[in-house]
Structures are given as C-alpha cells and as structure tokens.
Amino acid sequence: MAVCAAISDVKERRIPNLLTYPALVAGLLLQGILHGWRGLLASAGGGLLFGGVFLLFYLVRAMGAGDVKLAAALGCIVGSSAAFQVMFLTALAGGALAIFFMLLSGRIVETLRNTLWVAGFHLQHGLQTHPVVNLDNPGALRMPYGLAFAAGTLFWAVASQLGR
C-alpha cells in the first residue's frame, strides 16, 4: 500500500482517498481479527499516533492531507507497537530524500536558509503557518513524501522479518 501511495504521489502529486481509507479500515479489521479487541485497540492507537504526528505538519501547511491519511492508515496496519518505529524510519527516509531533492534542485543555500527561517518562526509563533514557506506557495519546492513512507515502511518490514 505504501509503494502504491508513493507511485501515485510521484506521478500525480497526490495520495488518493481510494487507497488510504480502505487501507485504514483493512488495518483495523485485520488487527481485530488476528488479535481480538486488543488488536483493534492497538490498530486504532497506531493510526492515532502516526496520523496525529503528521497532522501537526498538515496544520502548518508543511504536508498534504493525503500524507496524513496515509500515516494513519499505516499506523492502523502496523499497530501501536510498531507505529513509532515506522514513523522514525519514515522520518529518516524523508530527511535523506529532502537532501537528495535539495541537491538535485540546486537550491542548497536557499533550502538551508528556509529551514532555519521556518524553525525560528515556529519557535516564536508555535503551530502557525509560515507566511512564505508552505504548501500554498506555488514557488515552493515540493517533495512527494509518499516516497519516504514507502521507504520507511519497507525498511521496517524487511528488518522486522530479518530480526525473527
């Protein structure tokens, strides 16, 4: 599911509800079937944790709603015990991809300056949308974060199988 989302994000610059909503429901159902009420609660907890963290980025217009719904769906699929691991690996993949996109675009100094500018803005103003560096700015460089979700999830899936 994460790979399909990444492909859609790269090709169409969006992650469709037709992918995220069924995945969220499937995660809840599968965890419930496999582990009963505890599995259902763990699935819901994973969705709330993973989706909730990425909701903060959406609120400041740093990430799209499709990314938030994808995070919630992945959290429901992996459950609360693995949601933090997948979230951490997704963030690492996102950082690596951000560096790659920064180098590819040639906007290294501008990106580093904007990163410091955004960090300072949020320290001073909290969860407010930055006036310039946000998704609504047509000149902003955008990265399909679905790639980071796919990379983080795949790495987690492989690593968890090798660790058995």
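Hydrogens, waters and symmetry mates play no part in the numbers below; they use all other heavy atoms, side chains included.
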Next on the checklist: Looking at every non-hydrogen atom in both residues, tell me the closest pair between Ala157 and Ser160 and how far apart they are.
Outcome noted: O-OG, 3.0 Å

Next on the checklist: Using every non-hydrogen atom in the two residues, find where Ala98 and Met143 come nearest and quote the distance to one decimal.
Outcome noted: N-SD, 3.5 Å

Checklist entry - Going from OG1 on Thr20 to CD1 on Ile15, what distance comes out if it is rounded to the nearest 0.5 angstrom? => result 8.0 Å

Next on the checklist: Using modelled atom types and a 3.5 Å cut-off, is there a donor and acceptor pairing between side-chain atoms of Asn137 and backbone atoms of Val132?
Outcome noted: yes

Checklist entry - Remaining members of Leu30's ILVMFWY cluster at a side-chain heavy-atom cut-off under 4.5 Å? => result none

Checklist entry - Does Asp9 reach the main-chain N or O of Leu147 with its side chain, forming a donor-acceptor pair under 3.5 Å? => result no

Checklist entry - By ring-ring contact (aromatic ring centres under 6.0 Å, His included), which residues pair with His122, not counting sequence neighbours? => result none

Next on the checklist: Let me confirm one number: the CG-CG distance from Leu97 to Leu104, rounded to the nearest 0.5 Å.
Outcome noted: 11.0 Å

Checklist entry - Is there a donor-acceptor contact under 3.5 Å from the side chain of Asn134 to the main chain of His130? => result yes

Checklist entry - Just by modelled atom types, is the Arg14 backbone N or O under 3.5 Å from a matching donor or acceptor in the Ser8 side chain? => result yes

Checklist entry - Rounded to the nearest 0.5 Å, how far does CG of Leu34 lie from OG of Ser43? => result 10.5 Å

Checklist entry - Side chain of Arg13, backbone of Arg142: donor and acceptor closer than 3.5 Å? => result yes

Item to check | Pair Phe149 and Phe54, ring centroids less than 6.0 Å apart | outcome: yes

Checklist entry - Is Leu103 reachable from Phe101 through a run of hydrophobic residues whose side-chain heavy atoms are each under 4.5 Å from the next? => result no

Checklist entry - Do you know which two heavy atoms are closest between Ala6 and Gly146, and how far apart they sit? => result CB-O, 3.4 Å

Checklist entry - Hydrophobic clusters join Ile, Leu, Val, Met, Phe, Trp and Tyr when side-chain heavy atoms are under 4.5 Å apart, directly or via other members; which others share one with Leu40? => result Leu24, Leu28, Trp37

Checklist entry - Looking only at heavy atoms, which two atoms of Asn17 and Pro22 are closest? And how far apart? => result O-CD, 3.5 Å

Checklist entry - Are the side chain of Asp67 and the backbone of Leu70 linked by a donor-acceptor contact shorter than 3.5 Å? => result no

Checklist entry - Considering only heavy atoms from C-beta outward, does the side chain of Leu74 approach that of Met1 to under 4.5 Å? => result yes

Item to check | Atom pair CZ/CG of Arg61 and Asp136 - distance to nearest 0.5 Å | outcome: 4.0 Å

Checklist entry - Other hydrophobic cluster members with Leu116, side-chain heavy atoms of Ile/Leu/Val/Met/Phe/Trp/Tyr under 4.5 Å, chained? => result none

Checklist outcome for this item: Residues at least two apart in sequence or cross-chain that pass side chain to side chain donor-acceptor pair (under 3.5 Å) with Glu110, listed by chain then number, are Arg107

Item to check | Closest approach of Thr90 to Thr153 (non-hydrogen atoms, all atoms of both residues) | outcome: OG1-N, 4.4 Å

Checklist entry - Are Ile7 and Leu154 connected, step by step, through hydrophobic side chains (Ile, Leu, Val, Met, Phe, Trp, Tyr) whose heavy atoms are closer than 4.5 Å? => result yes

Checklist outcome for this item: What one should report as the nearest heavy-atom pair of Leu49 and Ala83 is CD2-CB, 3.9 Å

Checklist entry - Which word best sums up how the rings of Phe121 and His125 line up, parallel for under 30°, tilted for 30 to 60°, or perpendicular for over 60°? => result tilted

Checklist entry - Is there a donor-acceptor pair under 3.5 Å between the side chain of Gln31 and the backbone N or O of Leu41? => result no

Item to check | Within one Ile-Leu-Val-Met-Phe-Trp-Tyr cluster: Leu92 and Val86, side-chain cutoff 4.5 Å | outcome: yes

Checklist entry - What distance do Phe50 atom CZ and Leu55 atom CG have between them, rounded to the nearest 0.5 Å? => result 13.5 Å

Checklist entry - Is Leu29 reachable from Leu48 through a run of hydrophobic residues whose side-chain heavy atoms are each under 4.5 Å from the next? => result no

Item to check | Those residues that, when tested against Ala93, pass side chain to side chain contact (heavy atoms under 4.5 Å, CB included) (two or more places apart) | outcome: Ala148, Ala151

Checklist entry - What about Met87 and Tyr58, same hydrophobic cluster or not, with Ile/Leu/Val/Met/Phe/Trp/Tyr joined at side-chain heavy-atom distances under 4.5 Å? => result yes

Checklist entry - Could you state the interatomic distance from CH2 (Trp156) to CZ (Phe84), rounded to the nearest 0.5 Å? => result 15.0 Å

